[in-house]
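As the structure is a computational prediction, the values presented were derived from the model and not from experiment. Proteins get letters first, then strands, A, B, ... in listed order; numbering begins at 1 in each.
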Number of protein chains: 2
Amino acid sequence: MVTIYDIAAKASVSAMTVSRVINNTGKISDKTRAKVKRVMDELNYVPNQMARSLVLQQTHILSLLITDIMNPFYTTLSRGAEDAAIKHGYRLLFGNSDENVQKEAAYINTLLTARVDGVLVAPAGDPSLPHLEKLRKHEVPFVLIDREVPGIECDIVLGDSKEGARALVEHLIAHGHRNIAILNGSSSISSARLRLQGYLEALKLNDLPIDDTRIYETSFGPMNDLSEMDRWLSRMAPLPTAIVAGNNALALEIIRLLRSKGLSVPDDISVVCFDDFGPYAELDPFITVAAQQAYQFGYLGMQMLIERIKEGSDAGPWRKIVLPAELIVRRSVKSV
Amino acid sequence: MVTIYDIAAKASVSAMTVSRVINNTGKISDKTRAKVKRVMDELNYVPNQMARSLVLQQTHILSLLITDIMNPFYTTLSRGAEDAAIKHGYRLLFGNSDENVQKEAAYINTLLTARVDGVLVAPAGDPSLPHLEKLRKHEVPFVLIDREVPGIECDIVLGDSKEGARALVEHLIAHGHRNIAILNGSSSISSARLRLQGYLEALKLNDLPIDDTRIYETSFGPMNDLSEMDRWLSRMAPLPTAIVAGNNALALEIIRLLRSKGLSVPDDISVVCFDDFGPYAELDPFITVAAQQAYQFGYLGMQMLIERIKEGSDAGPWRKIVLPAELIVRRSVKSV
DNA sequence: TATTTTAAAGTTATCGATAACATTTTTATC
DNA sequence: GATAAAAATGTTATCGATAACTTTAAAATA
């Protein structure tokens with residue numbers, strides 16, 4: 001491993017001079033600079049970021065912790081976050097919690113030992129509170145995306161889940177649906193709660209009855225037990241004419257389930273959901289969705305995080321960005 | 001920031017004793033161990049990985065460098081790689097080169113300064129050679145996935161691109177197609193070259209003519225210029241009855257283009273492609289594909305990388321794993 | 001009880017860089 | 001040409017941990 005001392009020796013200067021050349025600090029004669037640079041090239045020198053970080057007390061690494069790397073909402077969000085991070089000269093450490101609070105906790109411990117400069121987190125849910133408090137205690141700046149966690153004050157980028165859900169349900173009602181079920185994520189997740197609220201409000205405003213058997217909660221993740229979902233469907237008599245899915249992954253699952261039972265979407269049951277399918281919407285622009293601005297979630301969140309890091313302790317008040325969702329009407333809703 | 005010295009002072013022991021407690025090394029009395037642990041808890045101590053890495057000369061961080069984080073082939077692969085890395089106690093730094101050699105180069109420089117223990121790379125193409133040589137020169141173990149790079153010998157996980165492409169073309173021929181075009185990735189990418197070879201061989205074996213105007217090369221990435229692709233289509237008279245897309249992203253693009261021109265898939269033109277669509281195949285199981293074992297690419301590649309790191313210099317010969325592709329017949333091919 | 005052995009600590013140097021201060025060299029000014 | 005000012009370079013301490021060696025205390029043996 002080539003170090004600045006090797007460079008220094010071969011160029012007959014001190015290590016400090018080499019450091020100055022590398023960082024372009026202090027005053028150095030052109031002759032010395034050229035000589036040092038030549039030796040650095042010859043020896044293929046690469047600075048050691050560990051050593052640097054140890055002295056400087058900052059790593060210039062940020063982290064993005066998402067809950068499902070297979071979900072296009074999060075991959076698109078990742079692109080936004082990465083673009084913003086790179087633009088400001090940071091590197092990005094990705095993590096994937098799989099909607100699992102334990103995995104998330106382990107990941108945050110790792111980030112703490114790695115001394116990352118900041119974290120952009122889509123928390124697994126309300127039980128993420130202790131980890132976030134741990135970050136706070138260790139003074140690691142963080143910004144939440146997509147989900148609020150009661151008990152923690154911080155910068156946050158949210159989608160307008162309630163309004164988006166309302167729009168989806170109103171759309172169904174406008175197409176004559178009266179018997180609308182909702183397949184949602186866990187109520188320990190703020191966005192799921194708000195989507196349920198939007199659903200309930202829309203029903204109330206249209207004087208439709210609320211029926212608890214038509215509300216089903218499971219994981220937003222992609223690995224649900226379809227047989228349980230199946231039992232839920234069976235419990236409903238009559239079947240709903242439309243189902244609102246709390247996110248895109250759930251929409252795919254319910255559609256798969258319905259098809260496996262010989263039911264057609266939308267001929268037998270209409271399905272709408274939160275979040276679009278990224279480039280895969282092209283596959284067959286089929287499902288009517290409340291599309292969120294995934295890229296912006298990542299980009300704006302990362303930007304806030306970096307600003308917060310640069311401000312340091314003289315920080316302003318917490319900021320909250322709420323991005324609207326856009327209803328994209330496709331072919332998964334039938335008029336009844 | 002709490003350090004082992006703070007712990008040491010408060011527990012009235014030396015820093016070395018604290019270090020021993022943390023790492024469970026050396027001999028320590030139960031009483032001392034308990035006391036140190038208590039103080040560590042009280043002060044919320046978290047070890048500094050930078051300092052540790054500096055001494056130990058290893059970071060326990062691995063990196064996965066992919067070319068398109070939005071592509072389900074790579075996100076699925078990422079899951080496999082992550083699972084294998086975590087299983088062996090490593091952390092994973094993700095990177096996204098966007099099929100861009102410059103971006104890849106920058107990323108590899110970063111990895112070098114971060115002193116990661118190893119890298120799993122899906123190289124942007126043959127021009128990635130210099131970066132890989134740089135890794136080699138700095139003795140950073142790496143494993144290639146999905147794409148070979150002439151000039152570099154290393155462990156590698158590949159898909160059987162030639163055979164997969166042949167199977168796709170044979171499938172088309174079996175359905176009566178005689179006029180088959182190919183929309184492929186850049187010929188600077190080994191897998192694209194092999195897919196073209198498979199295509200050509202299948203045509204030859206079936207005594208079909210080869211027509212250069214029916215072969216079009218662009219980027220595997222998701223941001224192609226459709227107008228140029230459009231001009232390619234226009235140059236072909238008559239239009240092909242079927243198109244083989246070199247990967248899933250290209251399939252989506254050509255389908256979008258065809259639809260925008262009022263052409264239907266498969267009624268007017270059949271389309272098949274390499275790589276499946278992950279969970280989005282559920283959206284509408286529509287396109288006939290040669291599906292690769294994406295998860296295994298990541299899992300096996302990461303496993304090889306970790307073995308290579310642990311073996312150290314007494315390494316065995318380079319290993320090459322070739323995973324077959326599976327033809328999944330759906331509804332994007334019409335018999336003619 | 002004296003001596004050896006083992007257990008349980010402590011000291012010092014080191015990893016590779018940079019900050020802060022110190023010194024030497026060069027250039028400018030009178 | 002002497003002196004001050006500025007430019008260029010060097011020295012030392014430090015970041016937070018661990019390895020290698022050393023010392024001290026306790027237990028085992030003669």
A.B. asks: Taking only side-chain N and O atoms of A/Thr17, does any of them lie within less than 4.0 angstrom of OP1 or OP2 on D/dA8?
C.D. replies: no

A.B. asks: What I'd like to find out is whether the side chain of A/Gln296 reaches to under 4.5 Å of the side chain of A/Ile321, using heavy atoms alone.
C.D. replies: no

A.B. asks: In whole angstrom, what separates B/Ile7's CD1 from C/dG10's P?
C.D. replies: 14 Å

A.B. asks: Tell me which one of B/Glu99, B/Glu104, B/Lys103 satisfies side-chain hydrogen bond (donor to acceptor under 3.5 Å, both in side chains) with B/Thr67.
C.D. replies: B/Glu99

A.B. asks: Check every atom of C/dC15, C/dT11, C/dG16 against the side chain of A/Met1 and return the nucleotide holding the closest atom.
C.D. replies: C/dG16

A.B. asks: Quickly work out the B/Gln58 CD to D/dA19 C1' distance and round it to whole Å.
C.D. replies: 14 Å

A.B. asks: Hey, does B/Leu56 reach any base, or is it just sugar-phosphate, or nothing, if we go heavy atoms under 4.0 Å?
C.D. replies: sugar-phosphate

A.B. asks: Quick one: A/Arg52 CZ to C/dC15 P, roughly how many Å, whole number?
C.D. replies: 18 Å

A.B. asks: Working note: B/Leu120 + B/Ile145, criterion side chain to side chain contact (heavy atoms under 4.5 Å, CB included); need CA distance, chi angles, decisive distance, verdict.
C.D. replies: CA-CA 7 Å; B/Leu120 191 60; B/Ile145 35 178; 3.8 Å; yes

A.B. asks: Under 4.0 Å between a side-chain N or O of A/Gln57 and OP1 or OP2 of D/dG16?
C.D. replies: yes

A.B. asks: Near B/Lys35 NZ, under 6.0 Å, is it more than 12 heavy atoms from other residues, nucleotides or ligands?
C.D. replies: yes

A.B. asks: Please determine, for the side chain of B/Leu54, which listed nucleotide (C/dA17, D/dG16, D/dA8) has the closest atom?
C.D. replies: D/dG16

A.B. asks: For A/Val13 and for B/Met50, find the nucleotide of DNA chain D with the closest heavy atom, then tell me which residue's nucleotide is more 5'.
C.D. replies: A/Val13

A.B. asks: On the side chain of A/Arg115, is there an atom forming a donor-acceptor pair with the base of D/dG16 - under 3.5 Å, no angle test?
C.D. replies: no

A.B. asks: In whole angstrom, give the distance that lies between atom NZ of B/Lys31 and atom C1' of D/dA26.
C.D. replies: 12 Å

A.B. asks: Figure out the NZ/C1' separation between A/Lys35 and D/dT9, and round it to whole Å.
C.D. replies: 11 Å

A.B. asks: Closer than 4.0 Å, any side-chain N/O of A/Thr32 to the OP1 or OP2 of D/dT9?
C.D. replies: yes

A.B. asks: How many Å lie between NE2 on A/His60 and C1' on C/dA17, as a whole number?
C.D. replies: 16 Å

A.B. asks: Would one find a side-chain N or O of B/Thr3 under 4.0 angstrom from OP1 or OP2 of D/dG16?
C.D. replies: no

A.B. asks: Below the 4.0 Å mark, does C/dT11 have OP1 or OP2 next to a side-chain nitrogen or oxygen of B/Tyr5?
C.D. replies: no

A.B. asks: With rounding to the nearest 0.5 angstrom, report the CD to CG distance, B/Glu133 to B/Leu135.
C.D. replies: 10.5 Å

A.B. asks: Between P on D/dA26 and CG on B/Asp30, what's the gap in Å once rounded to a whole number?
C.D. replies: 16 Å

A.B. asks: With respect to the side chain of A/Arg20, which nucleotide from C/dA17, D/dA17, D/dT9 is positioned closest?
C.D. replies: D/dT9

A.B. asks: Using a cut-off of 4.0 Å on non-hydrogen atoms, how would the nucleic acid contact of B/Ile28 be classed: base, sugar-phosphate, or nothing?
C.D. replies: sugar-phosphate

A.B. asks: Nearest of D/dA7, C/dA20, D/dC15 to any side-chain atom of A/Met16?
C.D. replies: C/dA20

A.B. asks: Ignoring backbone atoms, test whether A/Ser29 places a side-chain nitrogen or oxygen under 4.0 Å from the OP1 or OP2 oxygen of D/dA8.
C.D. replies: no

A.B. asks: Tell me whether the OP1 or OP2 atom of D/dA7 has a side-chain N or O from A/Lys27 closer than 4.0 Å.
C.D. replies: yes

A.B. asks: Check whether any side-chain N or O of B/Asn23 sits under 4.0 Å from OP1 or OP2 of D/dT18, and answer yes or no.
C.D. replies: yes

A.B. asks: For C/dA17, does OP1 or OP2 lie under 4.0 Å from any side-chain N or O of A/Ser19?
C.D. replies: no

A.B. asks: Quick one: which of A/Glu82, A/Lys87, A/Gln293 gives a side-chain hydrogen bond (donor to acceptor under 3.5 Å, both in side chains) with A/Tyr299?
C.D. replies: A/Lys87

A.B. asks: In whole Å, what is the span from the CG atom of A/Asn48 to the C1' atom of C/dA17?
C.D. replies: 8 Å

